[in-house]
A.B. asks: 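Here you go, one structure.
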Amino acid sequence: MALLPNIGVQAFICSVKNKIEHFLSGFSGYGWKIWEWTTGRWKLEVDDLMVRKTMTVFELIINKIRSVVGALAITQAHGKIKSIDSISDPDNYLITLEDTNSFMEDDFIRMQEFSGTGKRSYWVKVSEIRGEIVVIPKSEFEEEQSAPEVGDEIVQFGNQRNTARQSAIYLHTDESGQPAIDIMFDIDSKSFDGKIKMRMGTGLPGVSDEFKGLYAENGMLKFTDAEGNVTSAIWPDGRAELGAGSVLINPDKSGYIGGEDGLRWEWNEQKNKFVCTFGKDAILQWGNLSEEAKENLKGEDANLLPWIEDWEKNKTKIGSDYFISPKIFSGARNENSVTNGVILGGDDGKRAVTGVALGKDVIEINGVKHSGVFGIKDGNLIFSLDADSGDAQFTGKFESNQNGNRIIIDPNDRSIKMISEDGNESGKLSFHDSGSMLNLGQIGGKGRTSISAFGLDDSDDDGNFLTISRHGMLLSNTLGSFLVDVGEKNSGDYGNYFRVRIDNLPTSPSGLSSGSLWRDGNNLKIVI
């Protein structure tokens with residue numbers, strides 16, 4: 001027993017179970033409650049009420065629970081047969097109802113009744129209405145169907161032509177143990193096949209009988225708040241919106257979470273993958289992830305950007321480790337450049353870039369992609385280390401060292417220079433108009449040695465060459481040779497004498513120019 005002195009109720013008092021309100025209103029409800037159910041009006045709901053003395057009631061409303069055995073149909077017409085005339089019109093039954101007639105021409109009438117002796121049923125079409133008389137051809141009653149009788153309760157289910165009379169609501173509880181509420185449309189024949197457009201209960205179309213739920217053809221679920229704002233909805237095409245616009249799911253596999261500026265996703269048919277993006281002002285934070293979760297985040301293809309995906313796609317395994325294979329370009333485009341990468345061999349001048357490119361298939365030269373390291377200036381290749389062919393190519397000036405003894409290859413004067421430590425040029429090999437020139441020794445100082453060779457052809461098997469050694473010098477061509485040496489070869493007695501030998505001298509001065517040498521026996525003569 002509880003004492004409740006001076007209780008004031010502002011909201012409600014009710015029965016409680018596990019510290020939670022334990023009350024449900026209505027005939028099938030439970031518990032009890034006293035509450036202000038509308039402004040200024042209070043309600044008490046209990047299971048039983050006993051008043052020992054006087055009960056004053058200004059208005060008494062009694063709700064009686066009614067029941068229907070079998071099924072209940074809500075349609076455009078129904079009635080109970082009062083009389084049947086099957087004689088005056090031998091081809092038709094002329095039926096009069098107890099109440100005002102609500103049937104119309106082309107209505108379908110159905111009657112079904114179970115009794116202790118069996119079942120009676122018929123499903124027929126009304127041919128015409130004569131005032132309050134319903135006319136049904138006797139031919140409508142097929143052999144297996146019962147004839148109409150006085151007292152039959154008949155119900156209209158659809159119409160052959162009038163679309164306004166082709167719907168019905170059908171409540172049933174004992175048909176195959178599948179209680180349900182059916183909403184039917186387009187009933188234009190004596191068949192319900194495909195006419196159930198909505199069902200709530202069991203035996204949903206196309207679903208196992210063990211499941212219970214709601215079925216709707218071309219149906220939609222829509223929820224709003226008190227002001228009419230849509231909070232959640234599911235459209236017939238499969239689109240769904242939840243949380244007052246917080247979540248959207250589209251039938252094309254796209255959608256978002258957290259509103260339009262939250263996490264969005266869409267299905268990429270070309271990649272056969274989902275592409276997810278975050279909207280503006282999004283912050284991605286990871287909580288305290290386990291090591292397993294961190295490893296799972298890597299995944300098979302956990303790339304966020306296209307260029308990272310390209311790196312991962314071209315990854316290389318060395319031993320047990322994987323290395324990314326990126327494409328890198330460091331440099332600048334000129335003011336006319338519109339290139340998306342490094343492309344050489346173009347003829348429009350608009351793809352010119354300057355810089356260094358590195359990676360797999362990083363440049364394209366005359367339609368062929370190359371991998372390696374490449375230097376480009378204004379779109380022209382100045383050096384390359386081609387990983388595909390293994391070739392190395394350089395253009396431009398080359399210096400072996402910045403200072404000290406060094407070698408310089410200079411394309412400007414087409415020469416190879418040797419520079420001494422003091423900065424002086426000690427040797428030079430350069431091109432000449434008709435051949436090449438080699439200068440050795442300290443240029444401009446003592447001991448200068450200058451060796452020139454013009455028009456030498458190294459493909460000529462007969463000679464045409466110049467040889468210089470510590471023994472002397474030999475110049476030879478197809479016409480003869482000129483030898484200058486000192487000492488005897490292999491004698492170790494170098495410097496004992498100076499010898500000049502000239503082969504194939506002319507033996508006559510005829511045709512020789514002034515200053516030319518010719519041999520007269522053992523005498524050497526000069527043309528004056």
Side-chain angles (χ1 to χ4, degrees), residues 382-383 391-528:
I382 58 175
F383 75 83
D391 296 334
Q393 177 181 341
F394 299 87
T395 60
K397 189 175 182 180
F398 171 80
E399 293 192 34
S400 61
N401 296 305
Q402 290 184 343
N403 47 46
N405 293 327
R406 60 192 184 277
I407 297 174
I408 298 176
I409 301 176
D410 192 344
N412 294 323
D413 60 2
R414 302 185 301 169
S415 69
I416 300 176
K417 302 173 184 177
M418 293 181 290
I419 307 299
S420 62
E421 188 174 3
D422 56 7
N424 293 316
E425 185 178 294
S426 60
K428 180 179 180 180
L429 173 64
S430 61
F431 289 98
H432 193 271
D433 293 340
S434 58
S436 60
M437 177 179 292
L438 174 63
N439 296 323
L440 297 176
Q442 187 170 354
I443 303 300
K446 292 182 179 181
R448 167 178 175 176
T449 301
S450 178
I451 302 176
S452 302
F454 304 99
L456 296 182
D457 184 1
D458 58 7
S459 65
D460 192 341
D461 294 336
D462 294 333
N464 295 342
F465 59 86
L466 170 65
T467 301
I468 299 176
S469 69
R470 63 178 180 175
H471 303 297
M473 178 185 72
L474 173 64
L475 174 62
S476 175
N477 59 23
T478 57
L479 300 178
S481 63
F482 177 78
L483 170 66
V484 178
D485 66 350
V486 291
E488 184 71 23
K489 188 175 181 180
N490 298 325
S491 68
D493 190 19
Y494 299 124
N496 291 339
Y497 63 86
F498 176 80
R499 181 179 63 178
V500 176
R501 188 186 73 192
I502 303 174
D503 296 333
N504 295 333
L505 283 176
T507 58
S508 171
S510 176
L512 299 178
S513 61
S514 177
S516 299
L517 296 177
W518 66 282
R519 183 173 60 83
D520 184 8
N522 292 324
N523 298 316
L524 182 66
K525 296 183 179 182
I526 301 175
V527 178
I528 303 300

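We're numbering straight along the sequence, starting at 1.
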A.B. asks: Compare all side-chain heavy atoms of Thr507 with those of Asp520 and state whether any distance is below 4.5 angstrom.
C.D. replies: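 A side-chain contact is absent here, since even the closest heavy-atom pair is not under 4.5 Å.
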A.B. asks: When rounded to the nearest 0.5 angstrom, what is the spacing between CD1 in Ile419 and CG in Asn424?
C.D. replies: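 The distance works out to 8.0 Å.
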A.B. asks: In Å and rounded to the nearest 0.5 Å, what is the CE to CD distance from Met418 to Glu425?
C.D. replies: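 Reported to 0.5 Å precision, the distance equals 9.0 Å.
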A.B. asks: So, for Gln402 and Arg406, which heavy atoms are closest and what is the spacing to 0.1 Å?
C.D. replies: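 For Gln402 versus Arg406, the nearest heavy atoms are O-NE, 4.0 Å.
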A.B. asks: Please check: side-chain N/O of Asn401 versus main-chain N/O of Asn403, any donor-acceptor pairing under 3.5 Å?
C.D. replies: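 Not confirmed, Asn401 side chain does not pair with Asn403 backbone.
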A.B. asks: Please indicate whether Ile526 has more than 12 foreign heavy atoms, meaning atoms of other residues, nucleotides or ligands, lying under 6.0 Å from its CD1.
C.D. replies: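 Check fails, neighbour count at 12 or below.
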A.B. asks: Of all heavy-atom pairs between Pro509 and Val527, which one has the smallest distance, and what is that distance?
C.D. replies: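 Closest approach of Pro509 to Val527, heavy atoms only: CB-CG2, 4.1 Å.
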A.B. asks: Please determine whether side-chain contact (heavy atoms from CB on, under 4.5 Å) holds for the pair Ile416 and Ile408, giving the CA-CA distance in whole Å, both sets of side-chain angles, and the decisive distance to 0.1 Å.
C.D. replies: CA-CA 6 Å; Ile416 300 176; Ile408 298 176; over 6 Å; no
A.B. asks: When you look at Lys525 and Leu505, which way does the side-chain contact (heavy atoms from CB on, under 4.5 Å) test go after all the steps?
C.D. replies: CA-CA 10 Å; Lys525 296 183 179 182; Leu505 283 176; over 6 Å; no
A.B. asks: Going from CD1 on Ile409 to NZ on Lys397, what distance comes out if it is rounded to the nearest 0.5 angstrom?
C.D. replies: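 Ile409 CD1 to Lys397 NZ: 11.5 Å, rounded to 0.5 Å.
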A.B. asks: Is any side-chain heavy atom of Leu512 less than 4.5 Å from a side-chain heavy atom of Trp518?
C.D. replies: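 Yes, their side chains come closer than 4.5 Å.
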A.B. asks: Can you tell if the side chain of Asn405 reaches within under 4.5 Å of the side chain of Ser420, non-hydrogen atoms only?
C.D. replies: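 Yes, close enough: below the 4.5 Å cut-off.
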A.B. asks: Is the backbone of Lys417 close enough, under 3.5 Å, to the side chain of Ser415 for a donor and an acceptor to pair up by distance?
C.D. replies: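 Such a contact is absent between Ser415 side chain and Lys417 backbone.
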A.B. asks: Would you check if the side chain of Ser400 reaches a backbone N or O of Ile407 as a donor-acceptor pair within less than 3.5 Å?
C.D. replies: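 Answer holds: yes.
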